Amino acid sequence: MSDKKSKKPQKLKARLPRGFADRSASDVRATDEMVTKIRAVFERYGFDPVETPAFEYTDALGKFLPDQDRPNEGVFSLQDDDEQWMSLRYDLTAPLARHVAQNINEIALPYRTYRQGWVFRNEKPGPGRFRQFMQFDADTVGAPGVQADAEMAMMMADTMEALGIARGDYVIRVNNRKVLDGVMEAIGLGGEENAGKRLTVLRAIDKLDRLGIEGVRRLLGEGREDESGDFTPGAGLDEQQVGLVIQQIVMDQSTTNVMRSSMDVDWSRADDDEYLYNERMRIFFELNEDKFDAEPTSAGLGATELKVMYRLFTECGYGPDRIRIDPSVVRGLEYYTGPVYEAELLFDVTNEKGETVQFGSVGGGGRYDGLVKRFTGQDVPATGFSIGVSRLMTALKNLGKLGTDEMVAPVLVTVMDGDTEALGRYQKMTQSLREAGIRAEMYQGNWKKFGNQLRYADRRGCPVAIIQGSDERERGIVQIKDMIEGRKEAAAIESNEAYRAARPGQFEVAEGDLVAEVTKLLAAQKAG
RNA sequence: GCGGGCGUAGCUCAGUUGGUUAGAGCGCUGGAUUGUGGCUCCAGAGGUCGGUGGUUCAAAUCCACCCGCUCGUACCA
């Protein structure tokens with residue numbers, strides 16, 4: 001036993017770091033396809049590309065831990081040889097702010113820009129959650145007005161449709177952080193001393209889609225116990241405070257009572273979603289204006305901004321089937337200062353285990369007026385959004401919107417003789433196919449095992465194999481083997497001897513007709 | 001981070017109250033077949049039984065700790 005053990009060379013275990021993944025040919029192609037479509041929309045809106053590196057100095061990302069001389073553990077960080085901390089970017093927004101600040105004198109504001117790239121997060125990975133993933137961002141820097149935010153939401157809707165997601169299968173939900181801030185003030189959570197509590201409330205609201213109203217209600221109050229018995233402490237609000245928050249975030253409920261008593265609502269149109277949405281918005285804005293018009297509060301400002309955006313959407317024909325004002329949207333809890341928006345998929349996605357998955361958000365963004373100012377000291381308002389490319393790709397594949405016209409495997413030119421002259425002939429055949437635009441390859445394994453060559457062609461999914469041994473060579477012909485037809489014919493043959501003699505799916509053509517005949521066969525296969 | 005479940009061949013899994021040399025199917029390699037994918041038959045390779053330590057005459061099996069995967073939860077700038 002120990003003898004045997006000591007003789008064995010230590011084998012290296014082939015493995016990936018946790019949370020990282022290799023990407024298959026079809027994934028790479030699907031990503032390319034998506035990125036091309038997204039880029040086309042962004043270019044049409046007048047955005048230009050810019051790329052920044054994967055590493056930034058940690059202070060530029062703003063990720064030093066407070067009171068400590070080392071970065072937040074959520075980012076991958078290392079010290080350069082001069083001891084400076086650098087980190088892999090965890091999103092594309094902070095590096096853009098650094099780029100704009102550094103080149104503020106050369107860049108003409110407003111700066112409309114997009115970019116795609118890998119970002120890294122040192123977090124616990126899970127199904128569909130990786131520590132490296134791709135984002136595709138668009139930002140408008142130096143545009144203070146909410147018309148820039150409205151444009152972002154509309155561009156997001158256009159992008160969804162460009163990717164083949166039907167209207168009604170997605171929705172862009174829009175809110176404004178100032179409205180939420182106003183609600184907090186209204187329930188007495190204003191001021192520095194309540195910052196922690198406000199965060200707990202925001203996090204509770206963010207879980208609405210997953211936990212439902214009752215779950216959020218518990219998190220706002222005493223807390224919530226999950227199936228494993230783990231207890232999450234709540235925000236500790238009293239019943240009245242909880243009621244006000246719930247009322248504010250669930251617009252359908254909070255406005256329904258008012259709508260019911262309103263003489264203006266035509267309830268015979270109750271099944272007209274667009275009509276009801278517009279009525280609801282009208283009442284929502286009336287309520288908020290009533291409440292906050294007297295003095296300019298953050299809630300009043302937020303509501304006013306939302307109203308401007310709502311009108312822009314309506315004017316441009318982006319109805320509630322595409323973009324909806326929704327007071328429950330929270331998004332990134334720190335740097336957003338105004339409008340926030342989120343793209344959500346509405347159809348069910350089935351994973352590889354056959355389970356239905358609530359897909360939820362595939363992208364989002366908002367206004368971040370403070371990020372560039374950290375570098376320049378002057379106000380540089382900005383707004384942008386980010387698409388989770390990897391995540392969205394999973395959904396699109398399930399929807400059958402990607403990889404529908406799969407890449408056809410190459411034609412395989414088999415090798416019968418290994419002498420230099422013969423190899424030259426096979427290589428030349430391969431080249432002539434390639435020159436005609438046909439994917440083709442010459443067999444590069446051990447040519448002496450001919451059976452393996454066809455087995456290789458079979459597994460690789462080659463549509464056609466080309467065969468020319470000395471017999472064919474002498475007669476000036478080549479054999480073209482239709483792998484698909486051959487498989488069908490072979491199924492009817494019982495004995496191996498007969499099978500080998502039959503050469504299913506094969507036919508002979510003159511050497512000079514090779515390219516023309518293969519072209520014809522491939523076209524026939526595609527049609528059939 | 002907290003709680004539950006699970007780790008045996010490349011994959012899916014069996015392995016009795018602790019008891020000889022740890023098995024099967026699929027896959028892989030070679031042969032039957034000098035030049036034809038599939039089918040059939042034969043042979044072969046492939047295992048630190050997740051790791052370390054402990055209990056024992058004896059551990060894949062029992063115990064402790066660790067690692068990994070997984071589900072829920074928290075965090076996600």
Side-chain angles (χ1 to χ4, degrees), chain A residues 1-2 4-11 13-19 58 61-66 71-75 87 89-91 93-94 119-127 129 131 133 199-200 203-204 206-207 210-211 215 219 223-233 330-336 353 355 361 368 371 388 412 414-417 443 446-462 465-473 479 481-506:
Chain A
M1 171 92 184
S2 61
K4 198 177 173 184
K5 203 170 172 181
S6 59
K7 267 187 235 163
K8 291 260 160 91
Q10 280 282 2
K11 272 191 294 185
K13 176 98 175 164
R15 60 200 186 119
L16 276 167
R18 206 158 56 97
T58 305
L61 298 178
K63 290 324 293 180
F64 273 110
L65 286 171
N72 183 309
E73 290 186 357
V75 296
S87 299
R89 61 188 176 192
Y90 58 86
D91 70 15
T93 308
V119 301
F120 304 84
R121 295 190 186 182
N122 192 8
E123 290 167 4
K124 179 181 159 184
R129 279 175 64 112
R131 296 206 287 177
F133 56 96
L199 203 60
T200 310
R203 284 173 185 164
D206 200 30
K207 294 184 176 69
R210 193 157 49 84
L211 300 180
L219 280 179
R224 174 181 173 274
E225 188 173 310
D226 66 50
E227 297 101 276
S228 74
D230 198 25
F231 184 75
T232 309
V330 178
R331 296 288 314 160
L333 299 166
E334 205 155 313
Y335 59 65
Y336 290 126
K353 288 178 194 162
E355 299 159 344
S361 171
Y368 50 98
L371 273 191
L412 182 73
T414 61
V415 175
M416 280 287 191
D417 296 299
Y443 187 68
N446 179 6
W447 61 273
K448 287 178 182 170
K449 294 188 176 10
F450 187 71
N452 281 354
Q453 300 197 34
L454 288 182
R455 205 144 75 103
Y456 171 82
D458 192 40
R459 291 189 183 184
R460 194 140 160 41
C462 294
I466 308 300
I467 303 166
Q468 189 192 49
S470 51
D471 298 353
E472 289 85 1
R473 170 68 184 153
Q479 300 222 28
K481 187 180 184 77
D482 180 337
M483 297 295 290
I484 298 164
E485 177 61 23
R487 194 200 319 274
K488 279 187 218 153
E489 292 177 18
I493 303 171
E494 299 252 327
S495 93
N496 191 251
E497 237 169 45
Y499 169 74
R500 288 154 70 94
R503 299 187 172 180
Q506 273 177 240

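None of these values were measured; they are calculated from a predicted model. Quick note on labels: first sequence line is chain A, next is B, and so on, each numbered from 1.
In this structure, F133(A) places its CZ atom 14 Å from P of C76(B), rounding to the nearest Å. With rounding to whole Å, E485(A) atom CD is found 15 Å from G38(B) atom C1'. Remark: C1' of U29(B) and CG of N452(A) are 10 Å apart, rounded to the nearest angstrom.
Residue contacts for K481(A): at a heavy-atom cut-off of 4.0 Å it reaches a base atom on one of the strands shown. Here S470(A) lies in heavy-atom contact (under 4.0 Å) with a base. Residue contacts for R129(A): at a heavy-atom cut-off of 4.0 Å it reaches a base atom on one of the strands shown. Q453(A) comes within 4.0 angstrom of no nucleic acid atom, judged by non-hydrogen atoms across all strands. No engagement by K488(A) is indicated, since no non-hydrogen atom pair under 4.0 Å with the nucleic acid exists. Using a 4.0 Å heavy-atom criterion, one finds that G74(A) contacts the bases of the nucleic acid, with or without backbone contacts as well.
The base of U36(B) is paired with the side chain of Q506(A) by a donor and an acceptor separated by under 3.5 Å. Checked by distance alone, E489(A) brings no side-chain donor or acceptor within 3.5 Å of a matching partner on the base of G37(B).
Residue R459(A) places at least one side-chain N or O under 4.0 Å from the OP1 or OP2 atom of C28(B). Between G35(B) and R473(A), no contact under 4.0 Å exists linking OP1 or OP2 to a side-chain N or O. OP1 or OP2 of G37(B) has at least one side-chain nitrogen or oxygen of Y499(A) nearer than 4.0 Å. Close to G37(B), at under 4.0 Å from its OP1 or OP2, lies no side-chain N or O of R460(A).
Listed nucleotides U73(B), C75(B), U36(B) differ in distance to F450(A); the shortest reach to its side chain belongs to U36(B). Comparing G38(B), C76(B), U36(B) against the side chain of N496(A) picks out G38(B) as the nearest. Of the candidates U36(B), A74(B), G37(B), G37(B) carries the atom nearest the R455(A) side chain, counting heavy atoms from C-beta on. You'll find that the side chain of M483(A) is closest to G37(B), out of A77(B), G37(B), G35(B). The nucleotide whose nearest atom lies closest to any side-chain atom of K124(A) is, among G37(B), G35(B), C71(B), C71(B). Among the nucleotides U33(B), U73(B), G35(B), the one closest to the side chain of R500(A) is U33(B). Between U73(B), U36(B), C75(B), one nucleotide has an atom nearer to the side chain of R203(A) than all others, and that is C75(B).
In this structure, the side chain of Y443(A) does not engage the main chain of F450(A) through any donor-acceptor pair within 3.5 Å.
Checking E489(A), E485(A), K481(A) one by one against Q506(A), the side chain to side chain donor-acceptor pair (under 3.5 Å) holds for a single residue, K481(A). With R131(A) as the fixed residue, the side-chain contact (heavy atoms from CB on, under 4.5 Å) test singles out one of K124(A), R18(A), E123(A), R121(A): R18(A).
Using a 5.5 Å limit on the distance between ring centres and a 30° limit on the angle between planes, the aromatic ring of Y90(A) counts as stacked on the six-membered base ring of A77(B).
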